Amino acid sequence: MSYTALYRKFRPNDFEGVKGQEHITSTLKNQINAQRIGHAYLFCGTRGTGKTSVAKIFARAVNCMNPVNGNPCNECEVCRSINAGVSMNVIEIDAASNNGVENIRQIVDEVKYSPTEGKYKVYIIDEVHMLSIGAFNALLKTLEEPPSYVIFILATTEVHKIPITILSRCQRYDFKRINVETIAARMRELCDIENMAAQDKALKYIAKAADGSMRDALSLLDQCSAFYMDKELTYENVLEVLGAVDMEVFSRILNSVMAGDTVSCIHQLDEIVMVGRDLSQFVSDFVWYLRNLMLISTSENAEEIVDASAERLEAMKKEAAMISIDTLMRYIRIFSELISQLKYASQKRVLIEVALIKLTRPAMEKSYDSIIQRLDELERKIESGEININLPDKNQVKQEKSDVQPVQQNPKRQPAIPEEVKEAAANWGRLMGRMSSADRAYLRDCKVSAGNDNKLYLVFQNEINYTRFINRDKAQEREEQIEEMLGEATGKAIEVEIKLLKQEEHYHDQFTEVKNAINMDIEEEDF
């Protein structure tokens, strides 16, 4: 007996068997139960999400002699003939190979005849976006006013290619990508039925690789189980068959990148190539790994959104703490651009090597995020002592000071009045020019307010930028620096306070934003 692929063998027979599309199946069942069936439906969504399966279930349900809560019974004569593919009432058309005007005119001629059995003639046109303009025009009139016993179900993966005149005559249903948990649970169910041993971790990886498509997931499961026939399907087996790379490899590469070790990155890529891993898959998975690190950096409950073991998650948290969000976003940008370049590249390895060199050598790029990374690295090297700044000898400085007549330093300034504090807040954009480029980058989402207590408030809404700006909780030092800068610019003593808004707080509930600048004499420096 010939083997039947899993996705064909376990195609759902009723609406309950369609996973991840409850928002559509519930609506269609309600229409059938209430006898409010439309004449034209448009099913759109990515491949393998159940469009054709739902269309066939719907075609049986509207013709079934003994429907059960909106579902076909799959036992009556009508259901059996439709399932066997011999019913004259359900006509499936592949628009990819039948896309001409003459094909549609044939349908227009056929709809004149009422069904030989059941209540409705159902036309399922798959990949309908492939129809020519002439074919769409030929279908238009019939689609608008079909006989009462005709239903059209149009299915497409590219809804943007369908003319608006067709769209406006259909009930549109968007099929979602199916989440990893739903796909993995379905595969576990089928493995139990087929007596197939498989690790949960292996099934989860297949589900993630399927990218929201149940059909792709079952095809990959078929492929992996065939390679390791009569053996337990392990996570390592799946990586071997799909040409994928383990997360430990991504961690090692990332550490080499952060260390600026280009040679190590190239050697590790060479190992990936030598064991036969798929390079496009490697790049795609590395982007996903970086995405997880970014979510860990910006979320307090990373375990709820990042699919990883407790040990792996803890290791990723340590990595995320070592790298800034701006640098992570730069890495993601470079490798995301690389994904599209690899599609048509004959030398994929070379392109990946160039990308790795860009990651380890940010000086090669002049983009904003690469400059921020270079500044971060410079600060880290200065703090760690890798870069030694030669300062004059303390004794020499004391001697020089003793030879110079004392002058008054930091003269005492008069406290600013409320109007002067408001003026400083209104001119904050100009005052920021006195700060370093790194400080200005961290202040880009900061708002300035003149409080009723005669203080100037710097209000952050981004916790990461706030933490970096105050330099590890040295808020008081930062406030004193800004107060000195304001004093030099305005000649007045202005008290500054740096604040971070909590998640539940709103800026306008507590602070007043100064919008209209008032004329004020401010000394500007050339940079």
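These numbers come from the heavy atoms of this one structure, side chains and all, not from hydrogens, waters or symmetry mates. Values in this document were obtained by computation on a predicted structure and should not be read as measured data.
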Fill in: Atom pair CG/OH of Asn237 and Tyr235 - distance to nearest 0.5 Å
12.0 Å
Worksheet entry | Residue list, salt bridge (charged side-chain N to carboxylate O under 4.0 Å, His left out) with Glu92, at least two apart or on another chain | Lys56
Fill in: Listed once per pair and sorted, the salt bridge (charged side-chain N to carboxylate O under 4.0 Å, His left out) pairs that draw on residues 152-162, sequence neighbours left out
Glu158-Lys161
Fill in: Partner residues of Phe335 under the ring-ring contact (aromatic ring centres under 6.0 Å, His included) criterion, sequence neighbours left out
Phe286
Practice prompt. With sequence neighbours left out, write down each residue that passes side-chain hydrogen bond (donor to acceptor under 3.5 Å, both in side chains) with Glu77, or none if nothing qualifies.
Written response: none
Item to complete: First locate atom CG of Leu338, then atom CG of Leu279, and finally report the distance between them rounded to the nearest 0.5 Å.
Response: 9.5 Å
Discussion item. Any carboxylate oxygen within less than 4.0 angstrom of a Lys/Arg side-chain nitrogen, looking at Arg172 and Asp174?
Written reply: yes
Worksheet item: Which residues pass the side-chain hydrogen bond (donor to acceptor under 3.5 Å, both in side chains) test with Ser264, sequence neighbours left out?
Response: Ser256, Gln268
Item to complete: Taking the side chain as every heavy atom from C-beta outward, state whether Leu269 and Ile352 have any pair of such atoms under 4.5 Å apart.
Response: yes
Worksheet entry | Contacts of Glu194 that satisfy salt bridge (charged side-chain N to carboxylate O under 4.0 Å, His left out) - sequence neighbours left out | Lys9
Item to complete: Anything under 30° is parallel, anything over 60° is perpendicular, the rest tilted; go ahead and classify Tyr289 against Phe250.
Response: tilted
Worksheet entry | Gap separating the CD atom of Gln199 from the SG atom of Cys191, nearest 0.5 angstrom | 11.5 Å
Worksheet, complete the sentence: Of all heavy-atom pairs linking Ser225 and Met196, the shortest is CB-SD, 3.7 Å
Discussion item. By the salt bridge (charged side-chain N to carboxylate O under 4.0 Å, His left out) test, which pairs, at least two apart or in different chains, include something from residues 339-352?
Written reply: Asp270-Arg349, Arg349-Glu353
Discussion item. Closer than 3.5 angstrom, by distance alone: can the side chain of Asn103 be matched with the main-chain N or O of Gly100 as a donor-acceptor pair?
Written reply: yes
Practice prompt. Please name the residue in the list Met214, Lys208, Lys204 that meets the side chain to side chain contact (heavy atoms under 4.5 Å, CB included) test with Ile183.
Written response: Met214
Fill in: Minimum-distance pair of heavy atoms, taken over all atoms of Gly70 and Phe15
O-CE1, 3.4 Å
Discussion item. Holding to salt bridge (charged side-chain N to carboxylate O under 4.0 Å, His left out), I want the full list of residues that pass it with Glu236, two or more places apart in sequence or in another chain.
Written reply: none
Practice prompt. Verify whether one side chain among Arg11 and Ser53 offers a donor that lies under 3.5 Å from an acceptor in the other.
Written response: yes
Practice prompt. Hey, could you give me the NZ/CD1 distance between Lys121 and Ile151, rounded to the nearest 0.5 Å?
Written response: 12.5 Å
Worksheet entry | Lys19 backbone acceptor or donor facing Glu22 side chain under 3.5 Å | no
Fill in: Side-chain donor-acceptor contact under 3.5 Å, Asp216 with Ser219
no
Practice prompt. Would you indicate whether His267, at its atom NE2, is surrounded by more than 12 heavy atoms from other residues, nucleotides or ligands within a distance under 6.0 Å?
Written response: no
Worksheet entry | Asp285-Tyr205 side chain donor-acceptor pair, cut-off 3.5 Å | yes
Worksheet item: Would Glu319 and Ser251 count as having a side-chain donor-acceptor pair, cut-off 3.5 Å?
Response: yes
Worksheet entry | Minimum heavy-atom distance Glu127-His129, with the two atoms named | OE1-CE1, 2.6 Å
Worksheet item: Who pairs with Asp261 by salt bridge (charged side-chain N to carboxylate O under 4.0 Å, His left out), at least two apart in sequence or on another chain?
Response: none
Discussion item. Going by ring-ring contact (aromatic ring centres under 6.0 Å, His included), name the residues that satisfy it together with Phe58, two or more places apart in sequence or in a different chain.
Written reply: Tyr41
Item to complete: Apply side chain to side chain contact (heavy atoms under 4.5 Å, CB included) to the pair Thr360 and Cys265, showing each step before the final yes or no.
Response: CA-CA 9 Å; Thr360 56; Cys265 291; 4.0 Å; yes
Worksheet item: For Ala155 and Lys51, which heavy atoms make the closest approach, and how far apart are they?
Response: CB-CB, 4.5 Å
Discussion item. Looking at Ala198, is its backbone amide N or carbonyl O close enough to the side chain of Arg188 to form a donor-acceptor pair, meaning the two atoms are under 3.5 Å apart?
Written reply: yes
Worksheet item: Does a salt bridge link Arg105 with Glu102, judged by any charged N lying under 4.0 Å from a carboxylate O?
Response: no
Item to complete: Applying side-chain hydrogen bond (donor to acceptor under 3.5 Å, both in side chains), name anything that partners Glu248, two or more places apart in sequence or on another chain.
Response: Arg312
Worksheet entry | Side chains of Asn30 and Thr27, donor plus acceptor under 3.5 Å | no
Item to complete: With sequence neighbours excluded, tell me which residues meet side-chain hydrogen bond (donor to acceptor under 3.5 Å, both in side chains) with Asn71.
Response: Glu16
Fill in: Separation between CG of Asn98 and CD1 of Ile107, rounded to the nearest 0.5 Å
8.5 Å
Worksheet item: Would you say His39 and Val150 make side-chain contact, with heavy atoms under 4.5 Å?
Response: no
Discussion item. If you apply the rule side chain to side chain contact (heavy atoms under 4.5 Å, CB included), what do you find for Val287 with Ile339, and how did you get there?
Written reply: CA-CA 9 Å; Val287 170; Ile339 290 175; 4.0 Å; yes
Worksheet, complete the sentence: Note: Leu233 and Ala202 closest approach over all heavy atoms is O-CB, 3.7 Å
Practice prompt. Please indicate whether Lys317 has more than 12 foreign heavy atoms, meaning atoms of other residues, nucleotides or ligands, lying under 6.0 Å from its NZ.
Written response: yes
Discussion item. Using every non-hydrogen atom in the two residues, find where Thr49 and Lys176 come nearest and quote the distance to one decimal.
Written reply: CG2-O, 3.4 Å
Practice prompt. Output yes when a side-chain donor or acceptor of Ser340 lies under 3.5 Å from a complementary backbone atom of Glu337, and no otherwise.
Written response: yes
Item to complete: Taking the side chain as every heavy atom from C-beta outward, state whether Arg186 and Thr182 have any pair of such atoms under 4.5 Å apart.
Response: no
Practice prompt. Evaluate side chain to side chain contact (heavy atoms under 4.5 Å, CB included) for Phe282 paired with Ile253, printing each intermediate quantity in order.
Written response: CA-CA 12 Å; Phe282 158 72; Ile253 291 178; 3.7 Å; yes
Discussion item. As an exercise, state the distance from CE of Met258 to OG of Ser324, rounded to the nearest 0.5 Å.
Written reply: 10.5 Å
Worksheet entry | Full working for side chain to side chain contact (heavy atoms under 4.5 Å, CB included) between Asn462 and Leu500 | CA-CA 8 Å; Asn462 184 304; Leu500 172 65; over 6 Å; no
